[in-house]
Protein chains: 2
Amino acid sequence: MMNDKKKLTLKDIGRELGISVSTVSRALKAHPDIAEETIKLVKEYAETHNYVPNFLAVNFRKNKTFNIGLIVPELVHHFFSTVISGAISEANRQGYNLLVSQSNDILKDEILASRAMLNSSVDGLLISISNETVEGDHLREFLNEGKPVVQFDKITDYLPTPKVIVDDFDGAYSAVKHLIDEGYTRIAHIRGREDVKNSSERCAGYLKAIQDHNLESDPDWVKVCRKISDQEGYDFAKELMESKNPPNAIFCITDLVALGVLRYLKEKGYHIPKDVGLIGFSNWMLSRVSTPQLSTVEQHGFQMGVDATNLLIEMIGNHDVENLKTVEIKTELVIRESTTLSKA
Amino acid sequence: MMNDKKKLTLKDIGRELGISVSTVSRALKAHPDIAEETIKLVKEYAETHNYVPNFLAVNFRKNKTFNIGLIVPELVHHFFSTVISGAISEANRQGYNLLVSQSNDILKDEILASRAMLNSSVDGLLISISNETVEGDHLREFLNEGKPVVQFDKITDYLPTPKVIVDDFDGAYSAVKHLIDEGYTRIAHIRGREDVKNSSERCAGYLKAIQDHNLESDPDWVKVCRKISDQEGYDFAKELMESKNPPNAIFCITDLVALGVLRYLKEKGYHIPKDVGLIGFSNWMLSRVSTPQLSTVEQHGFQMGVDATNLLIEMIGNHDVENLKTVEIKTELVIRESTTLSKA
DNA sequence: TGCATTTTCGCAATCGTTTGCACAAACCAT
DNA sequence: ATGGTTTGTGCAAACGATTGCGAAAATGCA
């Protein structure tokens with residue numbers, strides 16, 4: 001019994017009340033031109049008869065959808081889902097809905113997803129680009145139609161849009177500084193691909209911290225992950241520890257990789273944090289429930305989602321404002337068991 | 001330099017080509033009434049001038065948005081984000097976009113989210129209800145407007161909608177049977193709240209397996225989590241193992257809880273799987289990267305997202321079809337180190 | 001050649017809401 | 001009373017695409 005009852009329209013109300021459609025429309029938004037009396041009459045009728053505007057018509061008329069698009073490389077990912085959570089929260093608060101899609105880190109998929117969103121007429125786009133995205137012509141299409149784009153986390157500087165990013169450099173620096181403060185002297189880093197900005201920033205922060213404290217550094221102590229998997233962590237840990245010059249602490253690009261490292265170290269009987277210090281990045285749930293619990297760097301993903309959404313909605317409002325601001329979100333060191341040598 | 005160039009409309013094309021709007025419209029969809037020649041002409045013009053229909057207008061006219069709403073209790077959750085991933089994939093494949101929102105397991109938020117979606121005019125809704133949802137009047141509003149709803153995972157039988165669920169009973173049964181096959185005889189269960197269907201189903205499967213194999217059972221072996229946290233797992237493990245009648249295997253409602261159990265057991269020096277067998281549910285990434293790796297039950301969340309979306313889109317097509325089918329997705333046992341006593 | 005089809009296209013209404021403008025009624029001041 | 005302002009309302013166009021219907025042009029057949 002699909003109850004396909006026709007929805008009430010302005011025309012219906014006008015007919016019933018013996019007034020014109022335009023008056024009804026204006027009365028409902030309490031336009032100053034309309035008599036108080038009429039406004040009350042209309043509003044009451046609308047209320048009791050449960051009038052709800054046809055948003056398809058409104059959107060069409062206003063050329064606005066109150067929908068925002070969001071594209072991430074991967075949805076099933078602690079950090080990104082946290083960002084999305086923040087974006088939804090803020091979008092809803094401001095009366096917007098969020099359309100979500102993912103690129104699987106494949107450019108072709110990202111283009112498809114963005115086209116689908118452009119078509120479905122979102123008012124703006126939040127995007128964390130795929131590893132394969134460089135030029136981003138598909139994103140320019142948004143700008144060409146006057147629809148704002150805000151990049152977050154994984155960004156490209158090729159596109160003239162505002163950006164919301166984590167201060168990766170600083171986060172990495174303080175993670176490594178923490179290791180140093182705890183007394184570790186031979187610190188390795190398992191990083192991500194060179195062409196991904198976040199991973200380069202973190203690596204730079206790592207190097208700077210080492211340098212600032214005049215610690216030994218060894219090119220062989222920097223390993224490059226391609227897939228950011230725990231298995232890579234395991235394998236690189238093996239490589240590092242079996243080398244002629246093994247480190248006594250490892251800073252990993254992300255918690256998952258650190259967990260792989262942890263697995264290797266425990267398997268070989270190393271004591272953590274006594275023999276080897278270990279710190280990750282991102283503060284996934286993983287890091288809190290592992291044994292020992294992993295020290296890590298909180299990225300405030302929720303806040304990133306909120307900020308990016310805010311920026312975007314602001315731009316949707318002021319169409320003509322050229323906004324190229326970059327918001328940098330400060331990280332926060334989360335110290336747990338895997339690095340607290342001083343208390344071990 | 002917001003490039004607010006007006007988009008090309010049918011009217012523009014008609015004017016340029018000296019034909020009427022209606023002919024242009026029909027030509028673009030190769031209507032049989034239109035001459036081949038005209039069709040080619042129009043299509044070529046549209047192509048080279050990059051015509052793209054104004055979907056706001058189309059949607060308004062057709063009273064359809066090609067958007068689907070999806071609401072889950074929690075977005076930052078391995079299982080749910082996996083389901084969403086499947087839903088997005090299938091929705092996009094069929095030309096739909098997915099609007100995502102979350103209820104935080106709070107009824108009030110769920111109502112807000114569903115209203116927002118109803119307003120923004122989705123064509124249908126996928127929902128996994130919050131723990132607080134019982135009657136679901138806010139979901140009836142969808143049905144009343146002729147918009148189909150499909151429930152998945154966390155469902156209520158009060159609503160006349162199709163459902164896609166995991167065969168929790170069977171999954172739990174086979175998990176426990178696996179423990180039994182491995183030689184465990186005293187099996188405890190840490191379950192979820194009684195008023196949540198999934199957790200009751202799993203508990204029922206557990207009990208049935210125990211009973212079918214004539215194993216000892218003890219009411220004190222069934223513990224009830226309220227928040228499904230790892231800390232609860234830790235605490236209940238302590239309770240269980242310190243009791244007068246400690247079990248030698250534990251089946252947990254979810255991997256996270258199992259991880260808490262694992263933490264306790266390792267802390268107290270129990271060997272897993274030799275001293276105590278441990279199996280979780282859901283196959284989160286957590287379970288694969290813990291030490292020892294956790295046995296668990298794969299729920300095929302991605303498939304659930306795909307199936308639910310499929311069902312919904314089918315119903316959007318056939319508005320009048322009364323579809324109350326329930327799709328039950330089979331689970332799959334994932335055997336890892338934490339239960340393989342026979343090989344330990 | 002004349003009439004009946006068929007082919008091809010345009011007119012105009014429609015979806016529901018918004019909004020510029022005109023206009024009538026009511027008011028005020030001179 | 002006259003002219004001018006204020007107040008309240010309605011008319012009609014507009015947004016862009018779709019579609020039923022009618023009509024002109026082209027074709028077929030006798």
Side-chain angles (χ1 to χ4, degrees), chain A residues 4-43 45-46 49-66 95 118-121 123 145-147 319, chain B residues 4-43 45-46 49-66 95 118-121 123 145-147 319:
Chain A
D4 253 316
K5 67 176 155 214
K6 278 273 153 283
K7 290 217 303 184
L8 205 61
T9 72
L10 294 185
K11 201 190 296 183
D12 298 328
I13 300 183
R15 187 173 2 85
E16 288 308 311
L17 261 39
I19 56 185
S20 78
V21 179
S22 40
T23 303
V24 177
S25 172
R26 281 188 263 249
L28 282 175
K29 30 187 70 68
H31 191 286
D33 274 3
I34 307 296
E36 277 303 334
E37 209 180 348
T38 315
I39 292 184
K40 221 179 94 199
L41 181 71
V42 173
K43 280 198 170 171
Y45 187 94
H49 291 74
N50 195 29
Y51 166 75
V52 29
N54 179 328
F55 283 86
L56 282 177
V58 176
N59 293 345
F60 168 51
R61 182 64 224 268
K62 297 242 183 103
N63 196 34
K64 192 153 186 289
T65 63
F66 283 97
L118 193 56
N119 282 349
S120 103
S121 298
D123 295 335
E145 295 204 10
K147 301 193 173 171
H319 244 218
Chain B
D4 253 318
K5 67 177 157 213
K6 279 272 151 285
K7 289 218 302 186
L8 206 61
T9 73
L10 292 187
K11 201 191 295 182
D12 298 328
I13 300 183
R15 185 171 6 83
E16 288 308 311
L17 262 39
I19 55 185
S20 78
V21 178
S22 39
T23 302
V24 176
S25 172
R26 279 187 266 250
L28 282 175
K29 33 188 69 66
H31 191 286
D33 272 5
I34 308 297
E36 277 303 334
E37 211 181 348
T38 315
I39 293 185
K40 222 180 92 197
L41 181 71
V42 173
K43 281 197 169 171
Y45 187 94
H49 292 72
N50 195 29
Y51 167 76
V52 27
N54 179 328
F55 282 86
L56 282 177
V58 176
N59 292 344
F60 168 50
R61 180 65 222 269
K62 297 243 182 102
N63 197 32
K64 192 156 189 283
T65 63
F66 284 97
L118 192 57
N119 281 350
S120 103
S121 297
D123 296 334
E145 294 206 10
K147 301 193 174 173
H319 244 217

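First the proteins, then the strands, lettered A, B, ... as listed; each starts at 1. In this text the structure is predicted, and so the values were computed from the model without any measurement.
- Rounding to the nearest 0.5 Å places CG of B/Asn59 at 8.0 Å from CG of B/Asp123.
- The distance between atom CG of A/Asn59 and atom C1' of D/dC15, rounded to the nearest whole Å, is 12 Å.
- The distance from atom CG of B/Leu10 to atom OH of B/Tyr51, rounded to the nearest 0.5 Å, is 3.5 Å.
- Residues B/Ala57 and B/Ile39 both approach DNA chain C. Their nearest nucleotides, taken by heavy-atom distance, put B/Ile39 toward the 5′ side.
- Annotation for B/Lys64: atom NZ counts as buried by contact number, over 12 foreign heavy atoms lying within 6.0 Å.
- With hydrogens and angles ignored, no donor-acceptor pair closer than 3.5 Å exists between the side chain of B/Ser22 and the base of C/dC9.
- For B/Lys11 and D/dC15, the shortest distance from a side-chain N or O to OP1 or OP2 is below 4.0 Å.
- Summarising the geometry, the separation between NE2 on A/His31 and P on C/dT17 is reported as 17 Å, rounded to the nearest angstrom.
- Regarding contacts with the backbone of D/dT18, a side-chain N or O of B/Lys29 is found under 4.0 angstrom from either OP1 or OP2.
- For B/Arg26 and C/dG10, a side-chain-to-base donor-acceptor distance below 3.5 Å is present, hydrogens and geometry of angles not being considered.
- Taking CG of A/Leu118 as the start and CZ of B/Phe55 as the end, the distance is 9.5 Å to the nearest 0.5 Å.
- If you measure from atom CD of B/Glu36 to atom P of C/dC9, you get 11 Å, rounded to the nearest angstrom.
- Positionally, the nearest nucleotide of DNA chain C for B/Gly18 lies more toward the 5' end than for the other of B/Gly18 and B/Phe60.
- Going from atom CG of B/Asn54 over to atom P of C/dC15 covers 19 Å, rounded to whole Å.
- Taking only side-chain atoms of A/Leu10, from C-beta outward, the nucleotide of C/dT14, C/dT17, D/dT9 with the closest atom is C/dT17.
- Remark: P of D/dG22 and CG of B/Asp33 are 14 Å apart, rounded to the nearest angstrom.
- The distance from atom CG of B/Leu17 to atom C1' of C/dC9 is 14 Å, rounded to the nearest whole Å.
- In this model, the phosphate group of D/dA17 is approached by a side-chain N or O of B/Tyr51 to a distance below 4.0 Å at OP1 or OP2.
- Closest to the side chain of B/Arg61, out of C/dC9, C/dT17, D/dT19, is D/dT19.
- Judged by distance alone, the side chain of A/Asp12 and the main-chain N or O of A/Thr9 form a donor-acceptor pair under 3.5 Å.
- Listed pair B/Thr23 / C/dC9 fails the phosphate criterion, with no side-chain N or O lying under 4.0 Å from OP1 or OP2.
- Looking at heavy-atom distances under 4.0 Å, A/Leu56 makes no contact with the nucleic acid at all.
- Rounded to an integer number of Å, the gap from B/Leu8 CG to D/dC15 P is 14 Å.
- The side chain of A/Lys7 contributes no N or O atom lying less than 4.0 Å from OP1 or OP2 of C/dG16.
- Listed nucleotides C/dG10, C/dG16, D/dA17 differ in distance to B/Ser20; the shortest reach to its side chain belongs to C/dG10.
- Of the side-chain N and O atoms in B/Ser25, one or more sit less than 4.0 angstrom from OP1 or OP2 of D/dT18.
- Taking atom CD of residue B/Glu37 and atom C1' of nucleotide C/dC9, one finds them 13 Å apart after rounding to whole Å.
- Taking each heavy atom of A/Lys43 and A/Ala30 in turn, the nearest pair found is NZ-CB, 4.1 Å.
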